[in-house]
Amino acid sequence: MLLRMSTLLLKTLREEPADAEVPSHRLLVRAGFVRRAAPGGYTWLPLGKLVLDRVAAIVQEEMAAAGGQEISFPALLPREPYETSGRWTEYGDDIFTLKDRRGADHLLAPTHEEMVTLLVQDMTGSYRDFPLILFQIQTKFRDEARPRGGLLRGREFLMKDAYSFDLTDDGLVEAYARMRAAYQRIFTRLGLEHTIVSAVSGAMGGSASEEFLASAEVGEDTYVGCTACDYAANTEAVVTPAPPAREVTAPPLAVHDTPETPTIASLVDLANTRALGGRTDWTAADTLKNVVVTVQHPGREPELLAIGLPGDREVDLKRLNAALAPATAVLFDGFDSRPDLVKGYIGPQDIKIRYLADPRVAPGTAWLTGANEPGKHATDVVCGRDFTPDGTVEAAEVRPGDTCPACGDGSLTMRRGIEIGHIFQLGRRYTDAFKVDVLGADGKPARPTMGCYGIGLSRAVAAIAEQHHDDRGLTWPAAIAPADVHIVAAGKDGQVEAALTLAGSLSRAGLRVLVDDRPNVSAGVKFTDAELIGISRCVVVGRRLSEGYVEVRDRRTQDRREVPLVDVAGVITTELG
RNA sequence: CGGGUCGUGGCGCAGCUUGGUCAGCGCGCUCGCCUUGGGAGCGAGAGGACGCGGGUUCGAAUCCCGCCGACCCGACCA
């Protein structure tokens, strides 16, 4: 490959684009890799397309090595299959839908579980057709409420999704493990430092699920790690260790006048001032906070739900929503129409709506909580005696320092990352929905079980840019850089010809070459552009050319050394290793 | 969807409070000269319905109303 900058569609920007905030977005636009074309939609310019294609090639190689067969589905799909799976409504506003000229509903695919399930139903009939792994690289569409971060969250993006089909649960576990290993190889080859965390399945359904998170300040996912073991999880998937049930030793419930205490802080203050229950050491953690939310189940009437949790914790709506999926919850604000729910003084005793409690609210624990009357609270409200939750829920915020749920020893730390991959053991959710049965070895019908495995390719490019840049520009890992070597013709005119000659020979030697042969562009501009574009190896054809030397530079370390012109191919090839 | 900021040549911005040679600056672009190892210099140019639609006024980029769009924070999000 030989690319000449004199003819390349490339325009580097000296100034930062006003609409770009995160480093990857700023640099990819400034260096001429992508350009915004629509809200949440980006045009891949020649340099960017080269990178994207190299990322895709690595993914294809590893998918094939893991036994995957590549196919390609349409992006424009009819409504029916998604109606059958229930996702037409579950995905809700996040799905792009449209009508054709006859008024029939269609959608722009956000993901393809339905189609691949139908395909497998159509093309298989026997246990001999399994196991099977199919994958595709496709443009996906999601009507994101708010695209952001350039390539990091678009409404249209490139994704690799793979689907495994097995007839046994063991087979699924094996396929999942194989894909998991392939993902580790892929992200390592892409130069992405990443962590695998336990996750929740969300709208996809299914059981086991893990996310691959590329560490980055601008990441949208918060995940936890443990100081003592190798536990790692998305905050949404953190399970709260429940204390064991205990004997009820608390005195009977007692109601107290607690005027003007609608908040936990004001309640704790007053409790200590008045020595409620004979104590003056009340803390927020002794109180039971009860928060009312409106829950929307797909296609049903909204339901009111109360959440009980220790008063020193806030409700984390992300965690709550993950726990309630596919239903969604928002804070309730209609207290005026519900006199039985006294805002600021709600208690779980005889509450009229469904009540779910944090796991810390274990049987036998006693709490200071609302008495369901304005200006009154109750002490010694005991779980299991004075109230019984309808279940537990993971809705409380996770905090650094919380006890690790895996080892029970270490404490949790919190970090941010970009979700670059997500793998699921879906199970039979979709094969059940479409009643996919094949003939088993025993002559009886068998229903395949599925896994699905996604990688955001365009997002991966952005994640790589987040992890590989400095104050001068991008610093691509060699495996996915737009070229192997960037040749700069510095100095007088004769050097352009020499640079082109060198470029030709390196190209014939199998290297991917970008050569800056622009006439009438000063050396300084070329150097600055080369550093912005970020190809790892740069050859400067300049002042020592007449002596038979060129300069070889390392983009990352800024090392420079003079190399005889005749040795350049060898030096570059060796160092690229 | 809530909150905030903002729409002026390709890009980044000033001008708006106090309406009237305000269509302006930097970068980029074109042509010429010069320069050629760190975003050079000089000269000459091209390019803008000031987001859209109404309104006020003798006169609107500037004031008023409505709309649209973008970005940021939050909500939401394989």
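Reminder, nothing fancy here: chain letters follow the sequence lines and each chain counts from 1.
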Under 4.0 Å from any atom of RNA chain B, heavy atoms only: list the residues of residues 173-184 of chain A that qualify, in numerical order. none

Can you tell me how far C1' in B/G47 sits from the matching atom in B/U57, rounded to whole Å? 32 Å

A/K318 near the nucleic acid: base, sugar-phosphate alone, or nothing, with a heavy-atom cut-off under 4.0 Å? base

When you compare B/A46 with B/G51, how far apart are their P atoms, in angstrom units rounded to a whole number? 24 Å

So, using side-chain hydrogen bond (donor to acceptor under 3.5 Å, both in side chains) as the criterion, who are the partners of A/E193 when residues are at least two apart? A/S215

Of the nucleotides B/C29, B/G37, B/C77, which one has an atom closest to the side chain of A/F527? B/G37

Given B/U35, B/C71, B/C72, the nucleotide with the shortest approach to the side chain of A/N520: B/U35

Rounding to an integer number of angstrom, what distance separates B/G7 and B/C13 when you compare their C1' atoms? 13 Å

Identify, between A/H25 and A/L158, the residue whose nearest nucleotide on RNA chain B lies closer to the 5' end. A/H25

Identify whether any heavy atom of A/R459 sits under 4.0 Å from a base atom; if not, whether one sits that close to sugar-phosphate; answer base, sugar-phosphate or nothing. nothing

Any N/O pairs under 3.5 Å between the protein and nucleotides 39-46 of chain B? List them or say none.
| from | atom 1 | to | atom 2 | distance (Å) |
| --- | --- | --- | --- | --- |
| B/G39 | O2' | A/R14 | NH1 | 2.4 |
| B/G39 | O2' | A/R14 | NH2 | 2.6 |
| B/G39 | O6 | A/R30 | NH2 | 3.0 |
| B/G39 | N2 | A/D529 | OD1 | 3.2 |
| B/A40 | OP2 | A/S522 | OG | 3.2 |

5'-most by nearest nucleotide on RNA chain B - A/E419 or A/D19: A/D19

Distance between P atoms of B/G69 and B/C31 (Å, rounded): 40 Å

For B/U17, which nucleotide is its Watson-Crick or G-U wobble mate, given both distances must be under 3.5 Å? none

For the pair made of CD in A/E144 and P in B/C77, what is the distance, rounded to whole Å? 10 Å

Using atom C1' in both nucleotides, what's the gap between B/G15 and B/C76 to the nearest angstrom? 40 Å

Counting the atoms with a prime plus P, OP1 and OP2 as sugar-phosphate, which does A/R472 contact under 4.0 Å by heavy atoms, base, sugar-phosphate, or nothing? base

Indicate every side-chain donor-acceptor pair of residues 174-184 of chain A with a distance under 3.5 Å to a residue at least two apart or in another chain.
| from | atom 1 | to | atom 2 | distance (Å) |
| --- | --- | --- | --- | --- |
| A/E174 | OE1 | A/R178 | NH2 | 3.1 |
| A/E174 | OE2 | A/R178 | NE | 3.2 |
| A/Y176 | OH | A/E210 | N | 3.4 |
| A/Y176 | OH | A/E210 | OE1 | 2.9 |
| A/R178 | NH1 | A/A66 | O | 2.6 |
| A/R180 | NE | A/E210 | OE1 | 2.9 |
| A/R180 | NE | A/E210 | OE2 | 3.4 |
| A/R180 | NH2 | A/E210 | OE2 | 3.0 |
| A/Y183 | OH | A/K160 | NZ | 2.7 |
| A/Y183 | OH | A/Y453 | O | 3.1 |
| A/Y183 | OH | A/G454 | N | 3.0 |
| A/Y183 | OH | A/G454 | O | 3.2 |

Taking the side chain of A/E15 as heavy atoms from C-beta outward, which of B/G74, B/C11, B/C77 is closest to it? B/C11

Rounding to an integer number of angstrom, what distance separates B/A60 and B/G20 when you compare their P atoms? 11 Å

Any N or O donor-acceptor pair under 3.5 Å from the base of B/G12 to the side chain of A/E16? no

Under 4.0 Å, heavy atoms only, any strand: does A/V540 hit a base, just the sugar-phosphate, or nothing? base

Should B/C27 form a Watson-Crick or G-U wobble pair with both distances under 3.5 Å, which nucleotide is its partner? B/G10

Residues two or more places apart in sequence or in another chain: which of them pass side-chain hydrogen bond (donor to acceptor under 3.5 Å, both in side chains) with A/R415? none

For B/A70, the Watson-Crick or wobble partner whose two distances fall under 3.5 Å: B/U5

B/U21 and B/U62: how far apart are their P atoms, nearest whole angstrom? 14 Å

Residues 7-14 of chain A side chain polar contacts: donor-acceptor under 3.5 Å, at least two apart:
| from | atom 1 | to | atom 2 | distance (Å) |
| --- | --- | --- | --- | --- |
| A/T7 | OG1 | A/R4 | O | 3.3 |
| A/T12 | OG1 | A/D529 | OD1 | 2.9 |

